[in-house]
Amino acid sequence: NWNGKPNNPCRINPVPRQIPEKRWYLSPSAVVLLGGLLPFGSIFIENYFVFTSFWHYKYYYVYGFMLLVYIMLIVMTICVTIVSTYFLLNSEDYRWHWSSFLSSASTAFYVFLYSIYYFFYRTKMTGLLQITFYFGYTFMFCLGLGILCGSIGFIGTSVFVKHIYQHCLQFLLILLLRSLLLNHFDRGVLSRRDIKESGHDQFALKQRLVVHLQFTVPLRKQPVLVGVQPKYICVITEINL
């Protein structure tokens with residue numbers, strides 16, 4: 001959205017809700033640290049060849065394999081970030097924006113740790129100038145990799161979150177209609193003949209139930225609490241046919 005205005009798929013409560021307590025592995029810090037393990041594992045072998053080619057001045061030939069590893073890194077980053085964000089939202093933690101960015105960007109942190117191992121066990125660099133040269137270039141490479149992976153993970157997670165919240169209202173309406181169907185069938189409002197006539201046409205059955213709900217439930221400006229079943233209570237503000 002280039003206008004600077006948020007394009008949210010649903011209404012947002014202006015008052016932030018309280019985040020309940022959860023286990024340690026569902027905290028944002030743990031999600032950020034654990035989110036980069038799998039993407040780093042997908043490029044672990046390629047890191048050795050890239051570092052060897054760059055610091056030992058050897059030719060690098062397998063560009064096709066690097067492209068395959070890059071595609072694997074993108075797919076793995078998006079999938080891991082979506083799963084970690086889903087766990088956060090499932091634990092009623094709405095702070096997914098920076099968590100999704102940092103959890104995918106933490107891949108660069110593990111690459112930097114690998115560069116420290118590579119410096120001490122695979123190179124023979126000594127002196128302040130060589131150490132500064134090595135870690136300076138490695139830090140800039142890891143910074144660019146972190147921004148790249150973080151941006152990819154955030155974009156993929158943003159599309160996923162908007163998609164699930166756009167269909168959340170439709171899913172709740174389907175659950176409401178199914179509960180009303182069971183309730184009305186138990187009370188005898190809908191007969192078996194109505195269900196057989198509707199068959200597998202869910203749209204006709206929804207229209208029948210929504211019309212019946214509109215005539216039976218008094219709609220007001222304030223929300224109306226409707227007890228559908230003992231375990232389900234639905235809040236209805238308006239119904240549009």
Side-chain angles (χ1 to χ4, degrees), residues 1-10 12 19 22 24-55 60-119 134-168:
N1 189 4
W2 299 98
N3 296 326
K5 297 180 180 179
N7 188 15
N8 300 314
C10 59
I12 296 179
I19 300 174
K22 48 185 177 295
W24 64 270
Y25 54 83
L26 293 176
S27 61
S29 58
V31 170
V32 168
L33 290 177
L34 297 177
L37 282 176
L38 288 178
F40 172 73
S42 63
I43 62 173
F44 175 75
I45 299 177
E46 189 66 18
N47 276 336
Y48 173 77
F49 295 104
V50 172
F51 274 67
T52 302
S53 175
F54 190 78
W55 295 112
Y60 187 85
Y61 298 100
V62 285
Y63 293 103
F65 185 73
M66 177 182 285
L67 178 62
L68 180 63
V69 171
Y70 178 71
I71 295 175
M72 188 186 304
L73 174 65
I74 293 176
V75 175
M76 189 68 67
T77 300
I78 294 175
C79 292
V80 171
T81 312
I82 287 176
V83 171
S84 61
T85 303
Y86 176 77
F87 284 143
L88 284 179
L89 294 176
N90 194 26
S91 61
E92 301 182 11
D93 191 349
Y94 53 85
R95 301 171 299 179
W96 62 272
H97 302 84
W98 281 108
S99 298
S100 63
F101 180 84
L102 294 177
S103 64
S104 53
S106 62
T107 306
F109 173 72
Y110 293 103
V111 173
F112 189 77
L113 291 181
Y114 176 78
S115 68
I116 297 175
Y117 163 79
Y118 190 88
F119 176 79
Y134 177 86
F135 285 104
Y137 273 94
T138 305
F139 178 77
M140 289 189 293
F141 170 74
C142 293
L143 181 62
L145 180 63
I147 295 175
L148 174 65
C149 295
S151 302
I152 291 173
F154 177 77
I155 292 173
T157 307
S158 179
V159 173
F160 169 75
V161 171
K162 289 183 179 180
H163 180 75
I164 62 174
Y165 276 99
Q166 282 176 354
H167 295 80
C168 181

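For the atom pair OG (S158) and CD1 (I82), the distance works out to 10.5 Å, reported to the nearest 0.5 Å. Note that the CG atom of L33 and the CZ atom of F109 stand 7.0 Å from one another [nearest 0.5 Å]. With rounding to the nearest 0.5 angstrom, the CD1 atom of I152 is 10.0 Å from the OG1 atom of T107. To the nearest 0.5 Å, atoms OG (S115) and OH (Y110) are separated by 14.0 Å. With rounding to the nearest 0.5 angstrom, the CD1 atom of I43 is 10.5 Å from the OH atom of Y114. Atoms OG and CD1, on S42 and I74 in that order, are 10.5 Å from each other to the nearest 0.5 Å.
Other residues, nucleotides and ligands contribute over 12 non-hydrogen atoms within 6.0 Å of the CG atom of L67. Counting non-hydrogen atoms of neighbouring residues, nucleotides and ligands closer than 6.0 angstrom, the OH atom of Y94 exceeds 12 such neighbours.
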Derivation of the ring pair (Phe, Tyr, Trp, His ring centres under 6.0 Å) call for F87 and Y25: CA-CA 10 Å; F87 284 143; Y25 54 83; 8.4 Å; no

Ring pair (Phe, Tyr, Trp, His ring centres under 6.0 Å) evaluation trace for F44 with F40: CA-CA 6 Å; F44 175 75; F40 172 73; 5.7 Å; yes

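A donor-acceptor pair under 3.5 Å is absent between the side-chain atoms of T52 and the main chain of F49, judged by distance alone. One N or O on the side chain of T85 and one on the backbone of T81 form a donor-acceptor pair closer than 3.5 Å. In terms of modelled atom types and a separation under 3.5 Å, the side chain of S100 and the main chain of G153 share no donor-acceptor contact. Under the 3.5 Å distance criterion, the side-chain polar atoms of Y134 are left unmatched by any main-chain donor or acceptor of I116. Although no hydrogens or angles enter the test, the distance criterion places no donor-acceptor pair under 3.5 Å between the side chain of S53 and the main chain of V50. A donor-acceptor pair under 3.5 Å links the side-chain atoms of S106 to the main chain of S103, judged by distance alone.
Between F101 and W98, the closest side-chain pair of non-hydrogen atoms falls below 4.5 Å. Contact check for S151 versus F154: no side-chain heavy atoms found under the 4.5 Å cut-off. Put simply, the side chain of F160 does not reach to within 4.5 Å of the side chain of I78, judged on heavy atoms. Within the 4.5 Å cutoff, the side chain of L145 has heavy atoms near those of the L73 side chain.
Contact record, K22 with D93: NZ-OD2, 3.3 Å, taken as the closest heavy-atom pair. Residue C149 comes nearest to S104 through the heavy atom pair O-OG, 3.1 Å, listed as atom of the first residue, atom of the second, then distance. Looking at every heavy atom in both residues, P28 comes nearest to R95 through CG-NH2, 3.8 Å.
Ring pair F54/Y137 is tilted by interplanar angle, where 30° to 60° counts as tilted.
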